[in-house]
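What you are looking at is a predicted structure, and each value in this text was computed from that prediction instead of being measured.
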Amino acid sequence: MEITATLGRFTLNRLQILGRSGIFLFSAISQAFVPPFRIKRLIKEIEFVGSKSFLIVFVTALFTGMVLGIQGYYSLSQFGAEAALGVMVALSIIRELGPVLCALMVTGRAGSAITAEIGIMKITDQFPALEMMAIDPLKYVVSPKVLAGIISLPLLTAFFDLVGIAGGYLVGVKLLGVNEGAYIGKMVAAITFTDIYGGILKSLCFGLLITWIASFMGFTAEPTTEGVSRATTNAVVLTSLSILIVDYILTSLLL
């Protein structure tokens, strides 16, 4: 009975948290479309989530494409199918690796910072100060971050895809001697709108997940330095696991 009661309390607690987080997200998104519109805040958040993640996304994409180029070449060469290297690299990156790795990199860089920022605002009583000035903290702090994630992640993913394919080209064509025409021609012929659409859809969902979980964890963190530190760690872990789970679900639905 004790085990059953513990399991029940755990389940009810998780359902309660899920419900609170859902209401939190709905409120943040709905408030984003209520005047006044703070465009400068949105641009600032897009710069933070998107522009400042370009370097880490570029490095990750380049070496991911190069590794795929090497591994793909030596795997395909066993069957005399080196000409299909471009197809393998492009489809692997556009369908899976681009959206997932890009989201994981943004989670580590921007997601953790969002949780820490909101948690510190809670410690220093900035939310009551905003309310005293008749400013809704959810609309002023959270809504721009959620919109910035939804806008930035598809753009970063497209950038990741281009750089990753270029990395595979450098290794496959320039280093290992795969025919350039075959690499590009077969790749262009194999990629369909469904592949591109699937990658964009995944990146939109991941952008929402990152900012939603990071903001909620910061908003509900204990108002202590230890509480904010724990919330930041939990946000990164939970967001990373959520990205992998949602990626599997979306892949199953799309295919």
Side-chain angles (χ1 to χ4, degrees), residues 49-50 53-111 149-210 239-255:
V49 176
S53 300
F54 266 117
L55 181 58
I56 188 171
V57 169
F58 174 81
V59 174
T60 305
L62 180 63
F63 283 96
T64 298
M66 293 171 69
V67 169
L68 279 176
I70 294 175
Q71 294 284 7
Y73 177 83
Y74 286 107
S75 297
L76 293 172
S77 63
Q78 299 178 18
F79 310 99
E82 298 91 337
L85 179 63
V87 177
M88 194 212 73
V89 171
L91 291 181
S92 299
I93 291 177
I94 292 174
R95 287 180 177 177
E96 292 297 329
L97 295 179
V100 172
L101 290 181
C102 182
L104 292 176
M105 293 300 104
V106 173
T107 297
R109 198 208 67 82
I150 296 173
I151 294 171
S152 300
L153 257 294
L155 299 176
L156 286 173
T157 301
F159 177 70
F160 187 106
D161 294 345
L162 292 174
V163 175
I165 293 172
Y169 173 87
L170 288 175
V171 171
V173 175
K174 300 300 182 181
L175 183 62
L176 299 175
V178 175
N179 182 270
E180 180 178 358
Y183 183 94
I184 297 176
K186 287 181 177 293
M187 177 182 67
V188 172
I191 296 174
T192 63
F193 176 76
T194 303
D195 300 321
I196 300 174
Y197 167 78
I200 293 174
L201 178 62
K202 287 182 179 182
S203 61
L204 286 170
C205 294
F206 296 159
L208 177 63
L209 272 177
I210 292 169
T239 305
S240 300
L241 291 176
S242 300
I243 287 170
L244 297 176
I245 293 171
V246 171
D247 176 60
Y248 171 76
I249 295 173
L250 291 176
T251 300
S252 301
L253 293 175
L254 290 171
L255 296 180

Which pair of non-hydrogen atoms, one from [X] and one from [Y], has the smallest distance, and what is that distance?
X    : Y    : value
A90  : M187 : CB-CG, 3.4 Å
T157 : S203 : OG1-CB, 3.3 Å
G164 : I93  : C-CD1, 3.4 Å
I94  : P99  : O-CD, 3.7 Å
V57  : C102 : CG2-SG, 4.2 Å
T251 : D247 : OG1-O, 2.7 Å

Should [X] and [Y] count as side-chain neighbours, where that means a heavy-atom distance under 4.5 Å?
X    : Y    : answer
V106 : V49  : yes
Y169 : I165 : no
F58  : F54  : no
L104 : F206 : no
L153 : L204 : no
L85  : V173 : no

Which residues satisfy the ring pair (Phe, Tyr, Trp, His ring centres under 6.0 Å) test with F63, sequence neighbours excluded?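 If we apply the ring pair (Phe, Tyr, Trp, His ring centres under 6.0 Å) test to F63, skipping adjacent residues, there are no hits.
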I'd like to check the salt bridge (Lys or Arg N to Asp or Glu O under 4.0 Å) partners of E96; sequence neighbours left out, ordered by chain and number.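 Scan of E96 (salt bridge (Lys or Arg N to Asp or Glu O under 4.0 Å), adjacent residues dropped) gives K202.
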Between T194 and L254, does the side-chain contact (heavy atoms from CB on, under 4.5 Å) criterion hold? Intermediate values first, please. CA-CA 8 Å; T194 303; L254 290 171; 5.8 Å; no
Roughly how far, to the nearest 0.5 Å, is the [atom2] atom of [Y] from the [atom1] atom of [X]?
X    : Y    : atom1 : atom2 : value
L101 : T64  : CG    : OG1   : 5.0 Å
L62  : L170 : CG    : CG    : 7.0 Å
F160 : L156 : CZ    : CG    : 10.5 Å
T239 : I210 : OG1   : CD1   : 7.0 Å
L91  : L97  : CG    : CG    : 11.0 Å

Please say whether more than 12 non-hydrogen atoms of neighbouring residues, nucleotides or ligands are located less than 6.0 Å from CZ in F159.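 Counting other residues, nucleotides and ligands, CZ of F159 exceeds 12 neighbours.
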Can you sort out the partners of I70 under side-chain contact (heavy atoms from CB on, under 4.5 Å), two or more places apart, ordered by chain and number?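 If we apply the side-chain contact (heavy atoms from CB on, under 4.5 Å) test to I70, skipping adjacent residues, the hits are Y74, V171.
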Are the side chain of S92 and the backbone N or O of V89 linked by a donor-acceptor pair below 3.5 Å?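 Side chain of S92 to backbone of V89, a donor-acceptor pair under 3.5 Å: no, none is there.
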Go through the structure and list residues passing side chain to side chain donor-acceptor pair (under 3.5 Å) with [X], not counting sequence neighbours.
X    : value
S53  : R109
Y183 : none
N179 : none

